[in-house]
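Order of listing sets the numbers, starting from 1, for every ligand and every atom in it.
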Amino acid sequence: MSKLQLGTRAVHAGEFGIEGAVTMPIFQCATFQYEDVESYDAVRYSRLNNTPSHLSLVEKLCAISQAEAGLVTSSGMAAIMLALTGLFDNGDHLLVQKDLYGGTFAAVTNDLPRFGIEVDFLPDDPSLWDGLIRPNTRGAYFEAIANPIMSVPNLQAAVAFAQRHNLISMIDNTFASPVNFRPCEFGFDLSLHSATKYLNGHSDTVAGAVLGREDLIRTLGPRLNITGATLDPHACFLVQRGLKTLSLRVHQQNQSALALARLLDSHANVRSVSYPGLETDSSHQNARVFDGYGGMLAFEAMDAAAAKHFCSSLELGIEAPSLGGIETLVTRPATTSHKAMTPEERHSLGISDSMVRVSVGIEDTEDLLRDFEQALG
Ligand code: PLP
């Protein structure tokens with residue numbers, strides 16, 4: 001399987017051919033007959049994440065991501081919290097990228113300290129990172145493309161830093177998807193996903209995944225079982241089905257996002273565009289390790305009213321949270337995902353009232369360009 005291209009692996013890996021079924025059926029079943037009544041390890045029960053639905057999905061995800069092992073969880077946040085609370089203990093210190101998804105930012109600032117885990121934020125400049133190491137520093141946490149400003153950290157420096165200090169390195173790869181970036185191949189210990197987004201790809205289920213080093217996944221398995229954050233068999237099926245078209249979808253989204261970013265970049269009614277695929281973007285150099293630049297972009301309209309007008313004037317794009325699905329979605333972070341922050345906090349993260357974030361879908365590129373043109377006008 002590993003000699004095949006990613007798109008082929010996405011179709012064929014983890015399809016067990018049970019009873020000749022061409023696609024993996026849904027094992028809508030909480031418990032299974034004992035194979036060995038003497039051994040607890042032989043218990044198959046949905047919460048223990050070891051039913052055929054879980055095993056086949058994990059096999060497909062590992063094949064796509066070139067990861068040694070994996071676990072699927074009930075949401076992306078469940079995957080992130082499992083990794084953060086399952087591998088670090090009271091008294092440990094973590095170094096964390098500054099620009100983070102809001103849920104992760106809340107978890108590392110509010111929740112990890114409750115477990116006695118100390119957190120410091122990494123500045124953008126990797127030459128300053130060594131100075132933050134303490135005797136109890138055990139992990140480093142990154143996001144491949146940060147939400148919503150689309151910044152990409154220096155990923156080579158991140159891996160080298162973690163290896164130099166013997167830290168567990170983890171990265172949220174949700175925005176890039178394994179089509180554009182495979183963290184485990186690149187040297188990260190763990191790759192985390194909100195599978196709700198590109199992996200499932202159809203905005204119809206919530207799921208998460210932790211993929212990477214087998215010894216770490218072996219530690220996390222029993223902890224996932226205890227938290228009970230298991231993925232339901234029907235959701236396993238939906239993610240498994242979505243994954244088969246991951247490569248096709250993401251290639252189309254990469255292409256349309258680049259075309260839209262170029263349109264926006266040259267438009268008189270747009271102040272600035274953040275898309276790592278633009279040669280002029282401040283993250284372009286760091287993003288050159290990717291195979292593609294992704295389907296997410298953000299731009300600054302002329303003012304907040306213009307941003308609002310743009311979103312409500314789109315005919316194809318839908319104003320809704322979340323991302324990575326087949327339909328184009330737009331949000332204004334200042335009034336939605338980052339509304340709870342003060343304007344000053346938003347400003348320090350580069351989020352203005354006139355920012356629009358776009359999750360580009362798989363509609364035909366020409367139709368999206370036309371829709372954006374008319375909404376900008
Ligand atoms: N990571 C990133 C980058 C996200 O954007 C999100 C949700 O938007 C999450 C994690 C959390 O995922 P979920 O909503 O599946 O828990």
Side-chain angles (χ1 to χ4, degrees), residues 57 61 65 70-85 96-112 141-153 155 170-181 183 188 190-211 224 227-232 235-236 238-239 242-243 250 253 257 274 276 283 287 290 293-298 318-325 327 329-333 336-341 349 351 355 357-360:
L57 175 56
L61 282 167
S65 307
L71 290 165
V72 287
T73 58
S74 55
S75 68
M77 277 318 297
I80 291 166
M81 282 309 272
L82 174 68
L84 290 173
T85 58
V96 175
Q97 180 181 317
K98 184 167 52 66
D99 308 316
L100 288 173
Y101 165 63
T104 311
F105 182 79
V108 300
T109 49
N110 303 333
D111 296 287
L112 292 193
Y141 186 100
F142 298 89
E143 275 185 19
I145 303 175
N147 182 19
I149 58 165
M150 310 304 151
S151 64
V152 178
L155 296 162
M170 32 181 93
I171 183 163
D172 182 333
N173 197 38
T174 301
F175 271 40
S177 94
V179 176
N180 292 328
F181 184 56
F188 282 94
L190 288 180
S191 164
L192 312 176
H193 279 274
S194 167
T196 314
K197 320 299 184 197
Y198 289 99
L199 299 183
N200 170 50
H202 293 72
S203 309
D204 56 11
T205 197
V206 171
V210 183
L211 306 166
L224 172 58
T227 64
T230 192
L231 190 61
D232 170 82
C236 287
L238 289 172
V239 177
L243 282 171
V250 172
Q253 285 161 321
S274 300
S283 282
F290 294 161
Y293 298 109
M296 297 298 300
L297 60 91
I318 303 167
E319 206 171 356
S322 199
L323 60 118
E327 57 289 288
L329 300 180
V330 293
T331 59
R332 285 178 294 137
T336 55
S337 55
H338 294 73
K339 193 177 178 176
M341 291 181 174
L349 292 173
I351 301 166
M355 176 187 259
R357 190 193 78 175
V358 184
S359 168
V360 179

Peer 1: Could you list the atoms of ligand 1 found under 4.0 angstrom from a heavy atom of T174?
Peer 2: 1 (N), 3 (C)
Peer 1: Any donor and acceptor pair, going by atom type alone, linking the side chain of S283 with main-chain N or O of V152 inside 3.5 Å?
Peer 2: yes
Peer 1: Quick check: does any side chain N or O of E143 sit under 3.5 Å from a backbone N or O of D172, one acting as donor and the other as acceptor?
Peer 2: no
Peer 1: What residue and atom, counting heavy atoms only, is the protein's closest point to atom 15 (O) of ligand 1, and at what distance?
Peer 2: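 Of every protein heavy atom, T196 OG1, 2.6 Å lies nearest to atom 15 (O) of ligand 1.
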Peer 1: Near A207, which atoms of ligand 1 are under 4.0 Å from a heavy atom of that residue?
Peer 2: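 With A207 as reference, the close atoms of ligand 1 come out as 15 (O).
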Peer 1: Looking only at distance, does F175 have an N or O less than 3.5 Å from an N or O of ligand 1?
Peer 2: no
Peer 1: In the protein, which heavy atom is nearest to atom 1 (N) of ligand 1, and how far is it?
Peer 2: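 Here the closest protein heavy atom is D172 OD2, 2.6 Å.
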Peer 1: How far does CZ of R357 sit from CZ of R332, to the nearest 0.5 angstrom?
Peer 2: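 Answer for the CZ-CZ pair, R357 versus R332, is 13.5 Å.
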Peer 1: Using side-chain heavy atoms (C-beta onward) and a distance below 4.5 Å, is K197 in contact with S177?
Peer 2: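 Side-chain contact under 4.5 Å: no.
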Peer 1: Would you please determine whether T104 falls within less than 4.0 Å of ligand 1 on a heavy-atom basis?
Peer 2: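 Not so, T104 does not reach ligand 1.
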Peer 1: Counting only heavy atoms, tell me which of K197, M77, E143, H193 gets closest to atom 14 (O) of ligand 1.
Peer 2: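 Comparing heavy atoms across K197, M77, E143, H193, the nearest one to atom 14 (O) of ligand 1 lies in K197.
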Peer 1: Give the numbers and elements of all ligand 1 atoms closer than 4.0 Å to a heavy atom of I80.
Peer 2: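 What qualifies from ligand 1 is 10 (C).
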Peer 1: Measuring only between side-chain heavy atoms, which start at C-beta, is M77 closer than 4.5 Å to T104?
Peer 2: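 With C-beta onward as the side chain, the pair touches.
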Peer 1: Specify the protein heavy atom at minimum distance from atom 9 (C) of ligand 1: its residue, its atom name, and the distance to 0.1 Å.
Peer 2: Y101 CE2, 3.4 Å
Peer 1: Would A79 count as a contact residue for ligand 1, given that I'm defining contact as a non-hydrogen atom of the residue lying under 4.0 Å from a ligand atom?
Peer 2: no
Peer 1: So do L57 and L243 actually touch side chain to side chain, heavy atoms under 4.5 Å?
Peer 2: yes
Peer 1: For the residue pair I145 and F181, establish whether any side-chain heavy-atom pair is separated by less than 4.5 Å.
Peer 2: no
